[in-house]
Amino acid sequence: VISYGGLVYDTVGRTASANGVILQLSSHEVGVLEILLHRFGRVVSKEQLVEQLYSYDKEVSHNAIEVYVHRLRRKIGDTGITVRTIYGRGYLLDYLSH
């Protein structure tokens, strides 16, 4: 289990909860969350996300990654954790600054 703030992720069951409420995540949203959790506090590029989420024979737009990140932000809500966009570099899962 990986836990930051109110966000808890079960690596075996591949389920996440926000403040004790189970999140309904698509398989791609789970994949993005898992990658970001394993690199908490470090920037992950869109290219890294694409490479880890999809096989090399699939064409995937970077817009798809943006959609998954947008949905994740909404779903993790007020857990004290956020997905920051680091323009020109990628995404960073980090504590929400007050």
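No experiment lies behind these values; they were computed from the predicted model shown. Residue numbers count from 1 along this sequence.
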Closest non-hydrogen atom pair between [X] and [Y], with its separation:
X	Y	answer
Ser3	Val8	OG-CG2, 3.7 Å
Glu34	Thr11	OE2-O, 4.5 Å
Thr79	Ala18	CG2-CB, 3.4 Å
Ile81	Tyr4	CG1-O, 3.3 Å

[atom1] of [X] to [atom2] of [Y]: how many Å apart, nearest 0.5 Å?
X	Y	atom1	atom2	value
Leu23	Ile76	CG	CD1	8.5 Å
Thr82	Leu96	OG1	CG	5.5 Å
Phe40	Leu7	CZ	CG	8.5 Å
Leu49	Gln52	CG	CD	7.0 Å

Apply side-chain contact (heavy atoms from CB on, under 4.5 Å) to residues Leu72 and Leu25 and explain how you reach the verdict.
CA-CA 8 Å; Leu72 263 179; Leu25 300 175; 4.1 Å; yes
What do you reckon, is CZ of Arg89 surrounded by more than 12 foreign heavy atoms closer than 6.0 Å?
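Open.
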Applying the side-chain contact (heavy atoms from CB on, under 4.5 Å) test to Tyr91, which of Ile65, Ile86, Ile35, Val32 qualifies?
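Single side-chain contact (heavy atoms from CB on, under 4.5 Å) partner of Tyr91 among Ile65, Ile86, Ile35, Val32: Ile65.
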Val30/Tyr9 under side-chain contact (heavy atoms from CB on, under 4.5 Å): CA gap, chis, key distance, verdict:
CA-CA 9 Å; Val30 168; Tyr9 180 71; 3.5 Å; yes
Any link between Val44 and Val83 through a network of hydrophobic side chains (Ile, Leu, Val, Met, Phe, Trp, Tyr) touching at under 4.5 Å?
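Linked within one cluster.
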Give the cluster check for Val50 versus Leu92: same hydrophobic cluster or not, with ILVMFWY residues linked at side-chain heavy-atom distances below 4.5 Å.
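Val50 does not cluster with Leu92.
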Expected output: side-chain Arg84 to main-chain Tyr95 donor-acceptor under 3.5 Å:
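A pair under 3.5 Å: yes.
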Member of Arg73, His70, Glu66 meeting the side-chain hydrogen bond (donor to acceptor under 3.5 Å, both in side chains) criterion with Thr85
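The single option meeting the side-chain hydrogen bond (donor to acceptor under 3.5 Å, both in side chains) with Thr85 is Arg73.
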Please assess Leu33 against Glu29 for the test side-chain contact (heavy atoms from CB on, under 4.5 Å), listing each intermediate value before the final yes or no.
CA-CA 6 Å; Leu33 178 61; Glu29 291 166 350; over 6 Å; no
Can you check whether Ile2 reaches His38 side chain to side chain, under 4.5 Å on heavy atoms?
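A side-chain contact exists here, since the closest heavy-atom pair is under 4.5 Å.
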Checking side-chain contact (heavy atoms from CB on, under 4.5 Å) for the pair Val69/Lys46: CA distance, chi angles, key distance, verdict?
CA-CA 10 Å; Val69 168; Lys46 285 183 186 177; over 6 Å; no
